[in-house]
2 protein chains.
Amino acid sequence: MTIAEVSKKFDLSQDTLRYYERIGLIPSVNRNKGGIRDYTEEDCKWIVFIKCMRSAGLPIEVLIEYVGLFQQGDATIEARKELLIGQRKQLIARMEDMQKTLELLNYKIESYEQTVVKKEKELKRSED
Amino acid sequence: MTIAEVSKKFDLSQDTLRYYERIGLIPSVNRNKGGIRDYTEEDCKWIVFIKCMRSAGLPIEVLIEYVGLFQQGDATIEARKELLIGQRKQLIARMEDMQKTLELLNYKIESYEQTVVKKEKELKRSED
DNA sequence: CCTTGACTTGGAGTTAACTCCAAGTGTTAT
DNA sequence: ATAACACTTGGAGTTAACTCCAAGTCAAGG
């Protein structure tokens, strides 16, 4: 697959794809005779994984470390597991913060709803 | 309350508190005779609210708009409600992304767990 | 053979959200 | 009253994560 196809498929700009590769966020992609990127299935899996992790806010730096560990082979399995466990913990903490905010938003929106209703009632009364 | 007390109480740097005020993220705080900030209860409530919203990733720009609407009085109640509803929608979407990522992380961690177990078994077998 | 157009690289620019700094003023302790 | 210190403002600097750009390469069509 060319970078144009991958870009379209995963909705990531070509610049971002090249950037990700440059900084080691995905393992380096094969080039054809002309030096042009030719993404394999494997490459695409990495992109999906990274995209998923990024969408949840995992920092690029940490993901680069993970990819680096992965490339060092089986000796790093334990380290990779620990890394993911650490990130999971932080992710859960963020989700809890967001849950609290969601509840506050719900409460505020409801309050506004009641204020609006009250205003409408007043309006009706003044029409009588 | 002085800025030092507020800073300690809410774990926000004095710089951040002044920055928030400067950009209109909280309504402007009263000054005493010497021109020094004297935070009221009301100010603190704003800080708590903003801190909560920020912790869930709501952009500063949107919160500035909300504060601006608030200061314009009752005529903006409907607009404020709509703004919060919009943000709630985006928040929920982000939480769903994170939930997916969490599930993937759980799955990966479990896989690593099994790999480790398998390795240990192989090790034991080779000891026999 | 020359142009068009997609691709390459390295590096500069952008945005959000702080974070730090310099220069100046006011308050407090000795 | 003078040094030490907290506070003020406006503006510059920083960081993460892109995003854009310039200069160059290369294959294909007219």
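Only this structure's heavy atoms are used, side chains among them; waters, hydrogens and symmetry mates stay out. Below, chain A is the first sequence line, B the second, and so on; all start at residue 1. Bear in mind that the values here come from a model prediction, so they are computed numbers and not experimental data.
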- Answer yes or no: are there more than 12 heavy-atom neighbours, outside B:Asp11 itself, under 6.0 Å from its atom CG? no
- To the nearest angstrom, the CG-C1' distance between A:Asp38 and C:dA6 comes to 15 Å
- Query: Between A:Ile26 and A:Asp43, is any pair of side-chain heavy atoms under 4.5 Å apart?
  - Reply: no
- Message: Measure CG/B:Leu17 against P/D:dA6 and give the value in whole Å, please.
- Response: 17 Å
Under 3.5 Å between N/O atoms: give me all the protein pairs with nucleotides 2-5 of chain D, atom names plus distance.
none

Show each protein N/O and nucleotides 16-18 of chain C N/O combination with a separation under 3.5 Å, one pair to a line.
residue: C:dA17; atom: OP2; partner: B:Ile60; partner atom: N; Å: 3.4
residue: C:dC18; atom: OP2; partner: B:Tyr20; partner atom: OH; Å: 3.0
residue: C:dC18; atom: OP2; partner: B:Arg54; partner atom: NE; Å: 2.9
residue: C:dC18; atom: OP2; partner: B:Arg54; partner atom: NH2; Å: 3.2

- Query: How would you list all residue pairs meeting side chain to side chain donor-acceptor pair (under 3.5 Å) that involve residues 56-76 of chain B, not counting sequence neighbours?
  - Reply: A:Tyr112-B:Tyr66, A:Lys119-B:Asp74, B:Thr76-B:Arg80
- Could you tell me whether the side chain of A:Gln87 reaches within less than 4.5 Å of the side chain of A:Leu84, counting heavy atoms only? no
- Message: Rounded to whole Å, how long is the line connecting atom CD1 of B:Ile23 with atom P of D:dG11?
- Response: 16 Å
- Mind checking side chain to side chain contact (heavy atoms under 4.5 Å, CB included) for A:Thr115 and listing every partner two or more places apart, or none if nothing turns up? B:Ile77
- Query: Between the side chains of B:Gln99 and B:Glu103, does any donor sit under 3.5 Å from an acceptor?
  - Reply: yes
- Query: Are B:Ile92 and B:Lys89 side-chain neighbours, meaning at least one heavy-atom pair lies under 4.5 Å?
  - Reply: no
- May I have all residue pairs that pass side chain to side chain donor-acceptor pair (under 3.5 Å) and include part of residues 21-30 of chain A, sequence neighbours excluded? A:Glu21-A:Arg31, A:Glu21-A:Arg37
- Can a cation-pi geometry be assigned to B:Lys108 and A:Phe49, taking NZ or CZ under 6.0 Å from the six-membered ring centre and within 45° of the ring axis? yes
Do any N or O atoms of the protein come closer than 3.5 Å to N or O atoms of nucleotides 7-9 of chain D, and which pairs are they?
residue: D:dT8; atom: OP1; partner: B:Arg37; partner atom: N; Å: 3.0
residue: D:dT8; atom: OP1; partner: B:Arg37; partner atom: NH1; Å: 2.7
residue: D:dT8; atom: OP2; partner: B:Arg18; partner atom: NH1; Å: 2.8
residue: D:dT8; atom: OP2; partner: B:Arg37; partner atom: NH1; Å: 3.1
residue: D:dT8; atom: O5'; partner: B:Arg37; partner atom: NH1; Å: 3.4
residue: D:dT9; atom: OP1; partner: B:Arg31; partner atom: NH1; Å: 2.9
residue: D:dT9; atom: OP2; partner: B:Arg37; partner atom: NH1; Å: 3.3
residue: D:dT9; atom: OP2; partner: B:Arg37; partner atom: NH2; Å: 2.7

- With the side chain counted from C-beta on, respond yes when B:Val62 and B:Leu83 share a heavy-atom pair under 4.5 Å apart, and no when they do not. yes
